[in-house]
Amino acid sequence: MQQQGGKRGLRSVAALALAAVLLASLALAGCGAGSSKSGSTAANGIASGGRASVDVEYAPPEVEGLTFDHAMDLQYATQFDIYYYNDGYKVISSHGDSRDYLIVPEGASVPSNLPSNMHVLQQPLDQIYLAGTSAMALFAAIDGVGAITMSGVEASDWYVPAAKEAYANGTMVYAGKYSQPDYEMFVSKGCDLAVESTMILHSPEVQEQIERLGVPVFIERSSYETAPLGRSEWVMCYAAMLNKEDAARAFFDSQVQIVQSVEGEAPTGKTVAVFSINSDGSVVIRKPSDYIPQMIESAGGAYAFNGIEEQGTGTTMRISMEKFYTTAKDADYLIYNGTIDGGVMSVQDIIDKDSTFSSYKAVQEGHVYGIGTDMYQRTDQLAEQITDLHIIVSGGDESQLTFIKHLN
C-alpha cells in the first residue's frame with residue numbers, strides 16, 4: 001500500500017492548483033467528463049417487495065491488499081451496494097454509473113493500483129459540499145448534517161429543519177449551485193466530498209473541475225429507486241461515509257415498520273392521479289415506474305395512469321390535456337404536484353388552468369389535494385408520506401395529514 005500523505009496536506013496541494021484549474025475552465029467548458037466502465041443496472045424493486053422480489057447480486061470489487069469481509073444487507077435499494085473489508089475499509093458501489101467509492105479510515109493508507117472507476121473518500125469526511133437536495137434529510141436522520149459545511153441550495157430554499165438551523169448558526173454556508181459552485185471556497189474550506197444529484201451529469205465540465213481539485217464527486221441516484229423505501233435506504237450510503245451505520249439502521253427500521261403497518265391493510269381500489277400543468281397546457285404526470293405511484297399502491301390506492309406507455313427518460317412525462325382527461329376524469333382523487341410551479345391554493349386555481357376540470361369526478365366530490373416542494377426534500381419521512389396517502393384513500397382523519405393538503 002502507498003502511504004497517504006494526509007487529507008489536509010492534499011488540500012494545500014489543491015490550493016496551488018486552483019489558479020491553473022480556473023484559468024483552464026473556459027477551455028474545459030466544451031469537454032465532457034471522462035467515461036467509466038459501463039455495467040449492468042440492477043432491476044427495479046417494487047413498493048413492498050424490495051430486493052426479495054428481484055435478482056440483485058453484485059460481486060464485491062477487488063482491492064489490492066484488502067480482504068473482503070461482508071456486504072451490507074440491503075432490503076429495498078437496488079442502485080448501490082456497500083462492501084466491508086478488513087481494517088475498516090469500505091466500498092460503496094453505484095450500479096447506475098459503475099462508480100465505486102473506497103472509504104479509507106482516518107490515518108490509514110490508500111491501497112495501490114486502484115481501478116480507474118474507484119474514487120477515494122478519505123475519512124474524516126467533515127467538509128462536505130451537498131447539492132443533491134434529497135440527501136440532506138437522510139444526513140439529518142443520522143445526525144450527520146454537521147459534516148455538511150457547504151450547500152448548493154440557499155437557506156431560503158431548504159425545507160429540512162436541520163439545514164435551516166445549520167445556516168442560522170453559521171456551520172453551513174452557500175457555496176454556489178451545482179452548475180456554478182464556488183471552487184475557491186472548496187479549496188479554502190478543504191472540501192473533501194461533493195454530493196451531487198444526477199443534475200451534475202448535465203454539467204460534466206463542472207464535475208471535471210471539481211475532481212481536478214482533488215475533491216471526489218459522489219452522485220446520488222436515489223431517484224432511480226422505484227421502491228419508496230429504496231430511496232430511504234440511501235441513508236446507508238451516508239452512514240457508511242460517517243461511520244453511523246447503527247443510527248441509520250435504527251432510523252430505516254422505523255420507516256419500514258410504519259410502511260408495513262399501512263401495507264397490511266386491504267387495498268381500497270381508489271384511483272389517484274398525481275399531476276401538474278405546464279404553461280403550454282400540457283400535463284406532467286409521474287411515470288408508472290416512478291416511486292410516487294408505488295407509494296400510492298403501498299397506501300392502498302391505485303395509480304390512475306398504470307398501464308400508460310412510458311416515454312422519454314426521467315421519472316415524469318408530458319401528455320396532452322385530452323389524454324389526461326380521458327384517463328383521469330373518473331379518478332377518485334386528484335393530487336396537484338406543486339413542485340415546479342409553486343402549486344395551487346384552491347380547486348378554482350386548477351379549474352382556471354383548464355375549465356374541463358369542473359366535470360372531473362374528484363372535483364365534483366371534493367377529493368382534490370395539493371403537495372408542495374417540502375415533500376420531495378423530506379426523504380427521511382417517506383413512510384409518513386405514504387401514511388398521508390393512506391389517510392386520503394381510506395377516508396381517514398385528514399387533520400393528521402402532514403405533507404398533503406385538502407384543497408377547497
Side-chain angles (χ1 to χ4, degrees), residues 14 21 25 28-29 31-36 41 77 79-80 82 91-103 117-122 125-140 144-145 147-154 157-158 160 163 166 172-187 189-225 230-231 233-242 313-315 339 373 376-377 379-380:
V21 171
S25 62
L28 287 170
C31 300
S35 61
S36 60
T41 301
Q79 294 296 305
F80 71 91
I82 302 176
V91 171
I92 300 174
S93 286
S94 175
H95 302 316
D97 52 12
S98 298
R99 290 168 68 94
D100 291 334
Y101 301 87
L102 175 66
I103 300 175
N117 70 322
M118 185 167 286
H119 306 265
V120 176
L121 307 184
Q122 179 78 57
L125 298 168
D126 53 13
Q127 294 288 339
I128 298 174
Y129 166 75
L130 189 146
T133 54
S134 63
M136 182 66 81
L138 297 180
F139 272 95
V145 171
I148 302 169
T149 58
M150 292 161 279
S151 171
V153 177
E154 296 191 63
D157 293 325
W158 276 117
V160 178
M172 185 188 300
V173 296
Y174 181 61
K177 63 181 181 179
Y178 78 94
S179 58
Q180 294 179 314
D182 188 333
Y183 300 112
E184 292 185 358
M185 183 181 292
F186 282 13
V187 173
K189 292 182 71 69
C191 181
D192 43 37
L193 173 64
V195 177
E196 303 274 0
S197 73
T198 53
M199 291 298 292
I200 193 65
L201 300 177
H202 299 291
S203 300
E205 71 283 356
V206 174
Q207 182 179 339
E208 273 194 4
Q209 290 187 34
I210 294 173
E211 292 177 335
R212 280 174 174 267
L213 291 176
V215 179
V217 173
F218 180 84
I219 301 177
E220 187 276 326
R221 301 179 66 87
S222 67
S223 61
Y224 287 85
E225 302 286 356
R231 289 172 62 87
E233 203 164 19
W234 273 75
V235 70
M236 305 310 299
C237 285
Y238 313 122
M241 295 174 185
L242 304 182
T313 60
T315 59
T339 306
T373 305
Y376 292 95
Q377 287 190 10
T379 48
D380 61 326

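Residue indices begin at 1 and follow the sequence shown.
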[X] side chain near [Y] side chain, heavy-atom distance below 4.5 Å:
X: Gln122; Y: Asp192; value: no
X: Tyr101; Y: Cys237; value: no
X: Glu225; Y: Glu233; value: no
X: Arg231; Y: Leu138; value: no
X: Tyr178; Y: Ser197; value: no

Calculate, to the nearest 0.5 Å, the distance between atoms [atom1] and [atom2] belonging to [X] and [Y] respectively.
X: Ile128; Y: Ser151; atom1: CD1; atom2: OG; result: 12.0 Å
X: Tyr174; Y: Met185; atom1: OH; atom2: CE; result: 10.0 Å
X: Met241; Y: Phe139; atom1: CE; atom2: CZ; result: 6.0 Å
X: His202; Y: Met199; atom1: NE2; atom2: CE; result: 5.0 Å
X: Tyr129; Y: Asp182; atom1: OH; atom2: CG; result: 9.5 Å
X: Asp100; Y: His95; atom1: CG; atom2: NE2; result: 9.0 Å

If you compare all heavy atoms of [X] against all heavy atoms of [Y], which two are closest, and at what distance to 0.1 Å?
X: Ala240; Y: Ile92; value: CB-CD1, 4.4 Å
X: Ser223; Y: Thr315; value: O-CG2, 3.8 Å
X: Ser203; Y: Ser179; value: OG-CB, 3.8 Å

For the pair Thr149 and Gln127, evaluate side chain to side chain donor-acceptor pair (under 3.5 Å) and give the outcome as yes or no after the intermediate values.
-> CA-CA 5 Å; Thr149 58; Gln127 294 288 339; 2.8 Å; yes
Indicate every side-chain donor-acceptor pair of residues 214-222 with a distance under 3.5 Å to a residue at least two apart or in another chain.
unit_1	atom_1	unit_2	atom_2	d
Glu220	OE1	Ser134	OG	3.1
Glu220	OE2	Ser134	OG	3.3
Glu220	OE2	Ser222	N	2.9
Glu220	OE2	Ser222	OG	2.1

I would like to know whether Thr198 and Tyr224 meet side-chain contact (heavy atoms from CB on, under 4.5 Å); could you show each step before the answer?
-> CA-CA 10 Å; Thr198 53; Tyr224 287 85; 3.7 Å; yes
With side-chain contact (heavy atoms from CB on, under 4.5 Å) as the test, would you mind laying out the steps for Gln207 and Leu201 before giving the verdict?
-> CA-CA 8 Å; Gln207 182 179 339; Leu201 300 177; 4.2 Å; yes
Salt bridge flag under 4.0 Å for residues Glu196 and Arg99 =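 No salt bridge links Glu196 with Arg99.
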Given the rule in the side-chain contact (heavy atoms from CB on, under 4.5 Å) test, do Met172 and Val145 qualify, once you have shown the distances and angles that lead to the verdict?
-> CA-CA 9 Å; Met172 185 188 300; Val145 171; 3.7 Å; yes
Parallel under 30°, tilted from 30 to 60°, perpendicular over 60°: which one fits the rings of Trp234 and Tyr238?
-> tilted
